[in-house]
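Have a look at the structure below, then the notes.
Each chain gets a letter, A, B and so on, in the order its sequence line appears, and its residues count up from 1.
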2 protein chains.
Amino acid sequence: MIKIQQLSQEVGIGVDTLRIWERRYGFPNPERNSRGHRSYPEPQVEELRIVKKMQNLGLQPSKIFALSGAERRELLEQKQSSNLFENSALLRLVSELEPFEIDRELRHSLEAMGPQEFVYQLGLPLIHALDQGWTNGTISIAREHLVSDRLELLLKEQLRIALPQTDRNRLLCLTLSGERHKLGLLMSAVLFQCEGLECLFLNEELPLSEVPLLAGQLGVSGVALSFSAHYSGRQAKNNLATLRNSLDPNIKLIAGGHAVQQKITMPNLFICSELREISTLCRKHFSDHN
Amino acid sequence: MIKIQQLSQEVGIGVDTLRIWERRYGFPNPERNSRGHRSYPEPQVEELRIVKKMQNLGLQPSKIFALSGAERRELLEQKQSSNLFENSALLRLVSELEPFEIDRELRHSLEAMGPQEFVYQLGLPLIHALDQGWTNGTISIAREHLVSDRLELLLKEQLRIALPQTDRNRLLCLTLSGERHKLGLLMSAVLFQCEGLECLFLNEELPLSEVPLLAGQLGVSGVALSFSAHYSGRQAKNNLATLRNSLDPNIKLIAGGHAVQQKITMPNLFICSELREISTLCRKHFSDHN
DNA sequence: AATCATATCTGTCCTAGACAAAGTTGGATA
DNA sequence: TATCCAACTTTGTCTAGGACAGATATGATT
């Protein structure tokens with residue numbers, strides 16, 4: 001039984017939106033506590049996660065709410081089928097091993113595969129598995145944090161290894177205030193670095209207004225941002241527009257994450273919906289004479 | 001000129017709160033656009049950052065808004081006084097160097113001093129200097145994040161270096177919230193490790209209910225927590241009590257941070273208001289036969 | 001098949017009021 | 001003098017229902 005604000009954070013849907021969905025579509029349909037405040041039972045939270053996922057896949061609320069719960073699940077599974085838990089090594093990593101063992105495994109794999117393959121073959125599936133496991137209750141929150149924490153540290157160390165060279169392009173990678181899902185961007189940063197860019201990954205969330213200043217000071221030629229599902233598409237777009245206006249037009253913007261569909265167009269902005277696109281993107285736009 | 005939602009994100013104050021502050025205290029005092037929507041000019045954004053900072057130091061809004069802008073700045077500077085900017089090396093580190101240079105300097109100092117002295121002589125003053133520099137406008141938020149980010153990574157790597165040994169005491173370190181206090185706890189963890197404990201640092205916020213489970217799984221003999229200033233003393237006490245009840249009584253609790261004054265007493269709970277106390281604490285309570 | 005105008009959908013903002021939880025104060029008790 | 005409790009004040013989060021711009025869908029016309 002949680003309150004509306006908590007729910008909003010959990011599922012990544014604004015408080016206003018939750019209320020107006022209730023008004024318009026009759027769902028969610030919370031109980032009320034003694035104060036008359038909305039109180040959402042767990043099953044509805046779960047259902048809203050499904051709804052949010054479908055929305056991220058590009059479906060409109062009116063269409064989504066016209067379906068029954070079972071129909072939603074069916075459609076969703078049809079849209080995103082890929083069973084990650086076939087990989088038993090990954091499963092063990094995610095749910096059994098001790099912290100130092102996780103570290104050891106990850107480091108060993110990184111060594112063996114090299115950074116790029118590590119990201120593609122282990123990093124991405126790992127995040128996905130954590131996500132799925134957390135949603136369907138297989139993995140505890142604590143476990144999820146434990147594992148993602150190890151991965152995060154490893155990737156950051158990997159980023160640090162390359163020494164700065166004056167002639168290389170610099171890329172500033174950062175998440176904005178309110179954004180907490182850094183792993184995707186972190187992996188992107190590793191890939192960018194593999195393509196020869198010097199990546200500066202900023203861990204802490206930064207207010208939008210600070211970005212142009214920092215970019216200028218560091219003399220970067222690009223800024224990469226991640227918008228997870230917790231941003232609505234609209235907010236992501238607004239933020240990007242603001243940034244594009246306040247930033248040197250020569251500095252490239254690269255945006256990724258669930259919240260940015262390919263629809264946004266802006267000068268010198270590149271949407272990156274798949275990590276595999278990074279390699280092509282670099283060759284096109286960050287070649288040395290650029 | 002930004003909207004209320006954006007402002008909320010930028011300064012970390014809820015939308016409802018911003019509106020009710022306007023109603024009650026007359027500040028912020030936004031203009032309105034053609035739609036009648038609030039539109040905040042930059043100076044007010046800046047002022048709200050100051051207000052937020054004072055609130056984090058434990059002041060009530062009514063007190064804060066009773067002051068003038070100049071008085072606010074004065075009081076804030078007075079609260080976090082102790083002139084750290086005599087140290088010119090530190091000053092350079094904080095405000096001038098390139099990211100990789102910061103890294104180099106920090107690593108070099110760590111190497112030269114050893115972890116303990118590094119924390120005492122460089123880590124602590126550095127955090128303090130960042131705080132102060134932000135208040136008096138010497139350092140941008142971006143810069144602050146940049147530097148603390150480098151320190152954070154270095155400390156985390158330092159924590160990783162020690163290999164696990166079966167006979168050692170394990171300590172689980174976790175933050176329930178907050179940004180700057182993550183660094184405080186992180187430095188504590190390094191000190192604990194210097195005293196021979198195996199420290200497991202968890203980066204992100206965990207629900208209280210997850211802690212006992214995780215502690216059990218990992219077989220730790222202690223849990224260290226940090227309570228930032230926006231936890232009220234009461235809340236901190238409640239949280240600690242809940243934890244004490246749900247956790248194995250043999251597992252020690254160690255609490256630190258602004259919100260825990262020495263008032264709280266509980267079986268097997270140790271309050272640590274100063275980092276220097278850690279050494280004594282370890283010798284008393286984590287000696288080998290314990 | 002592509003373009004454009006109109007209609008519907010969607011999320012964010014508005015006002016103004018209510019109230020519990022947290023903080024403060026001051027007097028009574030140990 | 002220190003500690004505790006009750007009364008009072010402050011604070012943030014919630015409520016309802018309305019408005020409207022910008023995005024998306026629909027249908028008519030070229």
Side-chain angles (χ1 to χ4, degrees), chain A residues 1-9 11-25 27-28 30-40 48 51-52 54-56 58-66 230-239 241 259-265, chain B residues 1-9 11-25 27 30-40 48 51-52 54-66 227 229-239 259 261-265:
Chain A
M1 285 307 217
I2 60 173
K3 292 193 171 191
I4 195 166
Q5 182 89 53
Q6 277 178 283
L7 176 66
S8 169
Q9 279 199 318
V11 299
I13 298 166
V15 169
D16 282 312
T17 305
L18 287 167
R19 279 199 277 257
I20 215 154
W21 279 1
E22 184 183 337
R23 220 197 283 173
R24 288 182 183 151
Y25 313 112
F27 190 89
E31 296 168 27
R32 300 298 177 123
N33 67 11
S34 51
R35 270 211 253 176
H37 289 188
R38 291 169 176 82
S39 188
Y40 297 85
L48 281 171
V51 170
K52 176 75 194 192
M54 297 182 80
Q55 202 188 15
N56 285 339
L59 287 154
Q60 282 186 304
S62 59
K63 307 288 161 60
I64 298 170
F65 287 114
H230 277 231
Y231 271 83
S232 71
R234 219 182 257 193
Q235 272 178 323
K237 191 176 176 180
N238 277 346
N239 282 336
V260 288
Q261 304 101 327
Q262 288 85 328
K263 296 174 186 179
I264 309 167
T265 328
Chain B
M1 286 306 216
I2 59 174
K3 292 192 170 194
I4 195 164
Q5 183 95 54
Q6 274 180 287
L7 175 66
S8 170
Q9 272 189 218
V11 299
I13 299 167
V15 169
D16 281 315
T17 305
L18 287 167
R19 279 199 276 257
I20 214 153
W21 280 2
E22 184 183 337
R23 217 197 283 174
R24 287 183 183 150
Y25 313 113
F27 191 89
E31 295 167 27
R32 301 297 179 122
N33 68 10
S34 52
R35 270 211 252 177
H37 289 188
R38 291 169 176 82
S39 188
Y40 297 85
L48 281 172
V51 170
K52 175 75 194 200
M54 297 183 81
Q55 205 187 12
N56 285 340
L57 284 166
L59 287 155
Q60 282 186 302
S62 58
K63 308 286 161 60
I64 298 171
F65 288 113
F227 293 90
H230 74 267
Y231 266 82
S232 67
R234 206 180 272 183
Q235 250 178 334
K237 193 174 175 179
N238 279 347
N239 281 338
Q261 303 99 330
Q262 286 85 331
K263 296 177 186 175
I264 310 166
T265 328

I want to check one thing: is the phosphate of dG17(D), taken as OP1 and OP2, less than 4.0 Å away from some side-chain N or O of Arg24(A)? no
Smallest separation among heavy atoms of Glu22(A) and Pro28(A), with atom names: CG-O, 3.2 Å
Starting the side chain at C-beta, find the nucleotide from dA20(C), dC14(C), dT10(C) nearest to Pro61(A). dT10(C)
Send over the distance from Leu7(A) CG to dT13(D) P, rounded to a whole Å. 16 Å
Could you go step by step and tell me if Asp16(A) and Ile20(A) meet the side chain to side chain contact (heavy atoms under 4.5 Å, CB included) rule? CA-CA 6 Å; Asp16(A) 282 312; Ile20(A) 215 154; over 6 Å; no
Arg32(B) side-chain N/O to dT15(C) phosphate OP1/OP2 under 4.0 Å: yes
Let me know the distance between CD of Gln9(A) and P of dC14(D), rounded to the nearest Å. 10 Å
Whole-Å distance separating the CG atom of Asp16(B) from the P atom of dC19(C): 17 Å
Just to confirm, is there a sub-4.0 Å distance from OP1 or OP2 of dT11(D) to any side-chain nitrogen or oxygen of Ser62(B)? yes
Rounded to whole Å, CD1 of Ile64(B) lies from C1' of dG23(C) at a distance of 14 Å
side-chain N/O Thr17(B) vs dT13(D) OP1/OP2, d < 4.0 Å: yes
What integer distance in Å separates Lys3(B):NZ from dA21(D):P? 11 Å
Looking only at non-hydrogen atoms, find the nearest pair between Ile64(B) and Gln55(B) and report the distance. CD1-N, 3.7 Å
Is a side-chain N or O of Ser8(B) found less than 3.5 angstrom from the main chain of Ile13(B), in a donor-acceptor match? yes
5' precedence on DNA chain D between Gln60(A) and His37(A) (nearest-nucleotide basis): His37(A)
OP1 or OP2 of dT10(C) less than 4.0 angstrom from a side-chain nitrogen or oxygen of Trp21(A), does that happen here? no
Below 4.0 angstrom from OP1 or OP2 of dA23(D), is there any side-chain N or O of Lys237(A)? yes
Using atom CE of Met1(B) as one end and atom C1' of dC13(C) as the other, report the distance to the nearest whole Å. 17 Å
For Arg38(B), report the nucleic acid contact type (base, sugar-phosphate, nothing); a contact means any heavy atom under 4.0 Å. sugar-phosphate
What's Phe65(B) touching, base or sugar-phosphate or nothing? Going by heavy atoms closer than 4.0 Å. nothing
Between CD1 of Ile13(B) and P of dG12(D) the distance, given in whole Å, is 9 Å
Just call it for Gln55(A): base, sugar-phosphate, or nothing, with non-hydrogen atoms closer than 4.0 Å on any strand. sugar-phosphate
Closest heavy-atom pair and its distance - Tyr25(B), Pro61(B): OH-CB, 3.9 Å
Where is the tightest heavy-atom contact between His230(A) and Gln9(A), given as atom of each residue plus distance? CE1-O, 2.9 Å
Donor-acceptor pair (no angle test) under 3.5 Å: Arg23(B) side chain, dA16(C) base: yes
Short side-chain N/O contact from Ser232(A) to OP1 or OP2 of dT12(C), under 4.0 Å: yes
Find the distance Ile20(A):CD1 to dC13(C):P and express it as a whole number of Å. 12 Å
Is the phosphate of dC9(C) approached by Tyr25(A) (side-chain N or O, under 4.0 Å from OP1 or OP2)? no
Could you check whether Arg19(B) gets within reach of a base, just the sugar-phosphate, or nothing at all, counting any heavy atom under 4.0 Å? base
